[in-house]
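This is a predicted model, so every value here is computed, not measured.
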Amino acid sequence: MKILDRYILKTYLKTFLSVFVILMLIFVLQAVWLYISELAGKDLDVDVILKFLLYITPTLIPLILPLTILLVSIMVFGTFAENYEFAAMKSTGISLQRAMRGLSIFIVFLSITTFLFANNVIPWAEFNAYNLRKNIAKLKPQMAIAEGQFNEIGDFNIKVEKKSGDRGQYLSKVIMHQRKNNRPGNFLVIISESGELISSASSNILQLVLFNGNYYEEIYSKNAKEVQKRPHAKSYFDSYTMNIDLEALNDVDLGEKSYTDRYNMLDVGDLNYTIDSLYRNKSNEYKNLAETLYNRTSVNSLNNNISPETDSIFKGNVLDLFETKGKLQLVNLSLNTISSTTQIISTKEQFLEISDKNLNKHLIALHEKYVLGIACFILFFVGAPLGALIRKGGIGLPLVVAILLFLTYHFIGIFAKNSSEDGTLNPILATWLSTLIMLPLGIYLTTRATNDKGLFDFDSYLDPIKKFLNLRPKNSVIIDGELVQYSFLDDYNNDKLIDIIKNHNDLNFDKSIKPFALNQLFKRNQTIEDLQKQGIIINDAYVISKKDATDTIDYSKFAFIFYIIGAILLLLHFVFKNNKFPEFASAAIDLSMISFIIYLLYYIVTWIKAKVFYKNIGFKTKGLDILLMLIAFPFYGVSHFLLKNKIKEDLDKSCLLNVK
């Protein structure tokens with residue numbers, strides 16, 4: 001390894017280790033704060049807490065490592081550029097790619113190591129951390145009761161709407177199910193308005209006192225006739241005290257590892273096997289559903305024990321062949337069949353949604369292992385050239401830029417994965433989306449840094465867009481491929497402008513100046529009648545077409561505004577939906593539909609006005625093609641500018657022919 005490569009690698013590694021350790025400490029403290037409610041007040045030994053931190057630390061690598069690589073690359077290469085070290089390298093013929101070669105080999109090695117780490121160490125850490133958290137939660141059941149969901153404590157399943165008090169001992173709207181050993185199912189239900197958990201450090205009994213509730217229990221009987229009567233007991237209570245024995249619960253083995261089947265605990269081999277199994281199960285479920293629905297139609301046995309007789313074709317209502325009693329039986333049978341079939345489909349649909357979500361989570365977990373290593377490699381080629389371009393090292397600007405880039409990368413990934421869990425977005429694409437977005441950015445930055453160009457060259461991006469949309473500076477026109485500006489007309493008085501319109505050839509002006517001079521007069525509140533009195537000949541064709549052009553552009557502008565509003569609201573609908581804000585999502589989609597309907601109305605009026613404009617323009621020209629207008633409808637954010645510029649150009653042509 002050459003001296004230059006050793007120097008760059010040594011500088012990079014020193015900064016990398018420092019930043020990595022600092023970020024790891026920050027995120028570990030954040031993780032401790034996140035899980036503080038599960039650890040506090042449990043009388044845990046120091047070794048258990050250290051185990052918990054040991055298991056949590058590897059799970060933070062997918063978040064810390066990409067940020068570290070991005071930040072360190074910007075800092076190191078920014079420092080090189082700021083201290084003119086890159087200038088010295090280039091003066092000796094060493095390019096940026098050559099300077100990055102040694103680090104590129106290190107990043108490739110790091111990416112491979114990251115994949116192996118994600119495939120082996122992270123699943124191990126997830127497995128141990130999850131099981132340890134579950135076991136810790138059993139030490140104090142009152143802390144294992146989460147709001148808004150059923151929580152298992154001994155033989156009871158408890159759901160509370162809200163917890164309050166300094167220890168979470170006060171409960172509101174409690175629903176309880178008790179499990180019986182002699183039969184499966186929830187046959188004892190207790191519902192109360194409020195409750196209180198009372199426990200003592202010296203007692204193994206947890207008291208649950210319920211207030212203002214109802215007690216319901218189905219009575220078990222071995223007698224079949226009694227079962228048909230559905231025997232049960234129910235009562236109302238003002239206060240009801242239950243004692244839960246915690247002796248067995250508090251005898252918890254913190255090393256027990258009974259949870260092994262979560263998707264983030266599996267390596268690539270296990271994930272591939274599980275995904276294949278889930279796909280087969282999904283296929284079998286659809287096949288079983290199809291067979292069930294087919295068998296319910298009784299098509300195979302429809303003609304059994306029936307001897308149909310051939311008769312003339314009957315064209316009336318089939319029910320007319322039966323008596324009233326038979327009609328009622330047939331209708332009731334049909335309704336019952338449809339109702340039960342609908343219920344089967346609805347139940348199966350809910351089950352398949354859960355299965356699809358589980359499958360999508362496994363697919364995401366599989367591809368996250370691959371994408372982590374690739375992301376490290378790509379983010380290096382984003383950060384290194386970016387540091388060379390901004391020419392600033394240290395903690396200040398590089399830290400801000402790195403955080404902004406990483407937050408963009410991270411939140412795109414989060415939103416995409418949340419959308420993919422319910423099938424809105426393909427889970428494989430969602431996992432790779434943020435990395436794929438960073439790929440062209442890395443190529444672009446590396447290219448610009450290699451060619452010694454600035455970070456941003458807006459003209460190189462805007463010129464093709466301006467050319468496509470035919471956007472030009474104010475008071476300008478393209479003549480023989482060159483831009484000619486008539487901004488000097490602002491300084492001319494009215495008489496000079498009128499003279500230009502009437503005698504542009506004698507004044508050595510191109511005829512294209514006429515529309516601009518005329519528009520300048522209109523801006524100065526000169527009416528057509530005023531101009532005609534001063535000797536300018538303005539034909540009716542131009543007068544009519546100018547009014548039609550103004551109306552067309554105005555309606556197109558309103559169509560464009562409502563199109564943009566509808567598009568923004570539609571985007572907000574998906575953002576609110578993916579982030580669990582159903583009310584805002586519903587309001588956004590409703591307002592979006594209203595905006596698009598108004599846009600449609602303005603679009604139709606714009607089309608009609610444009611047709612009228614080309615009818616009255618006063619010369620033969622190609623109007624708006626129907627097919628192009630239909631294609632332009634969903635892309636009106638661009639189509640508006642194309643339409644507006646075409647109308648203005650054709651109006652200027654009318655001016656050249658009809659104004660003298």
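The side-chain heavy atoms of L289 and I344, taken from C-beta on, include a pair separated by under 4.5 Å. Using a 4.5 Å heavy-atom cutoff, the side chains of K287 and S283 are not in contact. Within the 4.5 Å cutoff, side-chain heavy atoms of V268 are placed close to those of L366. The closest side-chain heavy-atom distance from D356 to K282 is below 4.5 Å. Here the side chains of L271 and L363 are not in contact, with every heavy-atom distance at 4.5 Å or above. With a 4.5 Å cut-off on side-chain heavy atoms, F27 and L63 count as touching. Under the 4.5 Å side-chain criterion, counting only non-hydrogen atoms from C-beta, I589 is not in contact with L569. T408 has its side chain within reach of I412: a pair of non-hydrogen atoms, C-beta onward, lies under 4.5 Å apart.
Residue F558 places its CZ atom among 12 or fewer non-hydrogen atoms of other residues, nucleotides or ligands, all under 6.0 Å distant. Heavy atoms of other residues, nucleotides or ligands lying less than 6.0 angstrom from CZ of F522 number more than 12. The neighbour count for K348 NZ, taken as heavy atoms of other residues, nucleotides or ligands under 6.0 Å away, is above 12. For Y216, the OH atom is densely surrounded, since the number of other residues' heavy atoms within 6.0 Å is greater than 12.
Atom OG1 of T606 is separated from atom CD1 of I553 by 10.5 Å, given to the nearest 0.5 angstrom. With values rounded to the nearest 0.5 angstrom, N616 atom CG is found 11.0 Å from D540 atom CG. Between the CG atom of L71 and the CD1 atom of I74 there is a distance of 6.5 Å, given to the nearest 0.5 Å. Between atom CD1 of residue I56 and atom OG1 of residue T59 there is a gap of 4.5 Å, rounded to the nearest 0.5 Å. A distance of 11.5 Å separates CD1 in I437 from CD1 in I378, rounded to the nearest 0.5 Å. Rounded to the nearest 0.5 angstrom, I64 CD1 and T68 OG1 are separated by 6.5 Å.
Under 3.5 Å, the side chains of T274 and H362 contain no donor-acceptor pair of N or O atoms. Using modelled atom types and a 3.5 Å distance limit, the side chains of S595 and Y563 yield no donor-acceptor pair.
Judged by distance alone, with hydrogens and angles left aside, the side-chain atoms of S586 form no donor-acceptor pair with the main-chain N or O of P582 at under 3.5 Å. The backbone N or O of L335 sits nowhere less than 3.5 Å from a side-chain atom of S339 that would complete a donor-acceptor pair. Side-chain atoms of N358 never come within 3.5 Å of backbone atoms of I354 as a donor-acceptor pair (strictly under, hydrogens ignored). Side chain of T446 to main chain of F381: a donor-acceptor pair is present (N/O by atom type, distance under 3.5 Å, no hydrogens or angles).
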* Taking it one step at a time, do N360 and S420 satisfy side-chain contact (heavy atoms from CB on, under 4.5 Å)? -> CA-CA 7 Å; N360 291 337; S420 66; 5.6 Å; no
* To do: Kindly determine whether F115 and I374 satisfy side-chain contact (heavy atoms from CB on, under 4.5 Å), including the steps that lead there.
  => CA-CA 9 Å; F115 167 73; I374 301 297; over 6 Å; no
* **Worked verdict on V605 versus L601 for side-chain contact (heavy atoms from CB on, under 4.5 Å)** => CA-CA 6 Å; V605 175; L601 296 176; 5.6 Å; no
* Dump the intermediate steps for side-chain contact (heavy atoms from CB on, under 4.5 Å) on Y286 and L352, then the final yes or no. => CA-CA 9 Å; Y286 278 109; L352 291 173; 3.7 Å; yes
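A567 approaches F596 most closely through the heavy-atom pair N-CZ, 3.5 Å. Of all heavy-atom pairs between T552 and A610, the closest is OG1-N, 3.6 Å. What you find for L266 and P123 is that their closest heavy atoms are O-CG, 3.6 Å. V371 and T431 get closest at one heavy-atom pair: CG2-O, 3.8 Å. In plain terms, the two heavy atoms of S592 and G566 that are nearest each other are OG-O, 2.9 Å. Minimum interatomic distance between I61 and P66 (heavy atoms only, all atoms of both residues): O-CD, 3.7 Å.
The aromatic rings of Y602 and F562 sit parallel to each other, their planes meeting at less than 30°, with 60° as the upper class boundary.
Ion pairing between a basic and an acidic side chain is recognised when a charged N comes within 4.0 Å of a carboxylate O; E193 and K173 show no such pairing. Salt bridge annotation for D551-K547: present, with a cationic side-chain nitrogen under 4.0 angstrom from a carboxylate oxygen. Looking at K646 and D650, a side-chain N of the basic residue comes within less than 4.0 Å of a carboxylate O on the acidic one, giving a salt bridge. Between D548 and K609 there is no salt bridge, since no side-chain N of the basic residue sits under 4.0 Å from a carboxylate O of the acidic one.
In this view, V543 and I528, I538 satisfy the side chain to side chain contact (heavy atoms under 4.5 Å, CB included) rule, not counting sequence neighbours. Residues forming a side-chain hydrogen bond (donor to acceptor under 3.5 Å, both in side chains) with S419 (at least two apart in sequence, or on another chain): N578.
With Y636 as the partner, the ring-ring contact (aromatic ring centres under 6.0 Å, His included) test is satisfied by one option alone out of Y599, F560, W607: Y599.
A side-chain hydrogen bond (donor to acceptor under 3.5 Å, both in side chains) check over residues 363-380, counting only residues at least two apart or in different chains, returns the pairs H367-W432, E368-K417.
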